[in-house]
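The structure under discussion appears below in the form of structure tokens.
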Protein chains: 2
Amino acid sequence: MLELRHLRSLQAIQQCGSLARAAEQLHLTQSALSHQIKALENYYETSLFLRSTKPLSLTSAGLKLRDLAERILPEIELVDGQLRRHALGTSGRLYISIECHACFEWLIPVLNQYRHRWPDVDIDIRLGLSFEPIAALQKGEVDLVISSDLQTHKDLCFEPLFDYEAQLALAHDHPLTVKDYILPEDLADQTLVTYPVDRKRLDVFSRFLQPANVEPGQVRQAELTAIILLLVSTLKGVAVLPDWVLRESMSHNHLTTRPLGAQGMHGTLHAAVRKVESKAAYIQGFIDLGRMALK
Amino acid sequence: MLELRHLRSLQAIQQCGSLARAAEQLHLTQSALSHQIKALENYYETSLFLRSTKPLSLTSAGLKLRDLAERILPEIELVDGQLRRHALGTSGRLYISIECHACFEWLIPVLNQYRHRWPDVDIDIRLGLSFEPIAALQKGEVDLVISSDLQTHKDLCFEPLFDYEAQLALAHDHPLTVKDYILPEDLADQTLVTYPVDRKRLDVFSRFLQPANVEPGQVRQAELTAIILLLVSTLKGVAVLPDWVLRESMSHNHLTTRPLGAQGMHGTLHAAVRKVESKAAYIQGFIDLGRMALK
DNA sequence: ATAGATAATGAGTAAACTTCATTGTTTTCA
DNA sequence: TGAAAACAATGAAGTTTACTCATTATCTAT
């Protein structure tokens, strides 16, 4: 059966013009090469070289194989090289799935840095809207999931990135600004602006309103953080957003913030990765940058 | 080291979704495949499959290799197939070199037949003007040489095709038509029209005029047989051409022919091929057709 | 003719690949 | 939930394959 070894040998012989020198180049003995070629000639029942010419030349069959080698070996080398670097951890695939849109705020700058430090890694961001990010991670469709809820999982590990506090954003002159902190009941007659995702993925609902069995007066959805903030100020609505988003945006929009509950609603953002890859340099490189994102 | 075997396995596993079925398809045991993949994973220090998913899915490294496989294996299969047919003798390369232009007259019809009978053979005709056809045959640049002089050669063999007689073509009303056969001295005051090749390649000179130490009155050259015949009739010149050319052309051009010498100048056309390939079906196929060319 | 270089060959050895037999997982279905 | 079924991993043994060594054959060139 034809193997790459044969193509590599053929190419070397053709380049060197003699078995002896080709063998040297391939770190083989001349004998080994001779046997190898003979085996190949037996396999195809055709001679591949014209033995009687001084600088060993190829028959038409040999030419066919050499042309094949010239077409294919460079491709092989390319992929082979990538995979070797993959082992060193300097090359790899990093498809990131984020569950919350707000993450763009810190993720984009982080990825810009990352790109320069890890040029051999191919990066992509996949919004975790239409599919289950954790399941996709398991299946190998994505390589890293940004998630706020820590799970224990056989094949995955969750690396903490940084803590955050989800706060209520509201207009300067909103009635609720009189309160030092917000209780679930306070939102019963408010217009809540959220990202357009399932309620169970939104901390406001899962950790704040639903436990108290409170339904907000109205719910509006918007894709982009900037739009959400805009709606909050123009509609006199409210939105729950992580502090890293609010830190910069408040002043621009005449907004202010209040904690949710007396203690505030705190959380930790995690990077979930597959255990087998968790120690890879290019993965840890991302996590390290992520941890410094807000500092 | 990466080998085609690995790519073939990878592709099979991916298609089948499980080692067990892939192993069957590859005529291997499940164990063998498992070991093979493990070896590959060790080599790259990376896992290629996500073992925890039901229909075994690939890691990004595995995907890279599978993509490589999908790109490369079809090409391999193609060439491999050609070479297998090559062994059967139904596929191969037939670059023909002819020394005399006159051969076109019978060669073109022969090749037209040949093409249909041997569709997998790639055919080419190379005029043996600027290079030595026999040397080119040895070097593997061409695969068959049509030659009139039989040589004995270590690596080559000369298969006789058919006998011919070289005759003098001359106009109906040419003075020499009074003679039953032509002697060298008869051409001393004649205009001889020849193909534009070296004198030693022309039978008129090498076998007729030079042995008698006779120089023709004038020599004109023309590429095409039709032009030569035209010149013979218009210039009242003479030309020496093989009988297969003259047989059809005489009447059209108001020409007639005379033998050279009392016995006529006879020769045999040969197909020279390399001994290693001489028994190949597609070579013999050509020779067989060549032998019937004039019948 | 005689080196000198190169390829072919045969036998022995080392390595690679496969299989066998078994254990460890995961999935599925009662 | 537990047990059977399907599948993958593993280790040791066996087999094949590929390689090396030593030698012979062939060709080239002075």
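Within every chain, numbering begins at 1; the chains are lettered A, B, ... in the order of the sequence lines, protein sequences first and strands thereafter. It should be emphasised that the depicted structure is a prediction, and the values quoted were computed from it without experimental measurement.
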Got a list of protein N/O to nucleotides 21-23 of chain D N/O distances below 3.5 Å?
unit_1, atom_1, unit_2, atom_2, d
D/dC21, N4, A/S31, OG, 2.5

Show the distances under 3.5 angstrom between N or O atoms of the protein and N or O atoms of nucleotides 14-18 of chain D.
unit_1, atom_1, unit_2, atom_2, d
D/dA18, OP1, A/R5, NH1, 3.4
D/dA18, OP1, A/R5, NH2, 3.3

Centre of B/F205's six-membered ring, under 6.0 Å away, within 45 degrees of the axis: is that where NZ or CZ of B/R207 sits? no

Does OP1 or OP2 of C/dT25 have a side-chain N or O of B/R51 closer than 4.0 Å? no

Does C/dA8 have its OP1 or OP2 closer than 4.0 Å to a side-chain nitrogen or oxygen of A/K38? no

Check DNA chain C against residues 17-26 of chain A and give the residues with a non-hydrogen atom under 4.0 Å, in numerical order. A/S18, A/L19, A/A20

Rounded to whole angstroms, how far apart are CG on B/L56 and C1' on D/dA6? 13 Å

Between CZ of A/F49 and C1' of D/dC27 the distance, given in whole Å, is 18 Å

If we fit an axis to the first five pairs and another to the last five of the helix from C/dA1-D/dT30 to C/dA30-D/dT1, what angle do they make, to the nearest 10°? 30°

State which residues pass ring pair (Phe, Tyr, Trp, His ring centres under 6.0 Å) with B/Y44; sequence neighbours excluded, sorted by chain then number. none

Only pairs at least two apart or in different chains count here, so list each salt bridge (charged side-chain N to carboxylate O under 4.0 Å, His left out) that has a residue in residues 267-277 of chain A. A/D143-A/R274, A/R274-A/E277

Measure the distance from CG on B/L48 to P on D/dA8 and round it to the nearest whole Å. 15 Å

Under 4.0 Å between a side-chain N/O of A/S34 and OP1 or OP2 of C/dA8, yes or no? yes

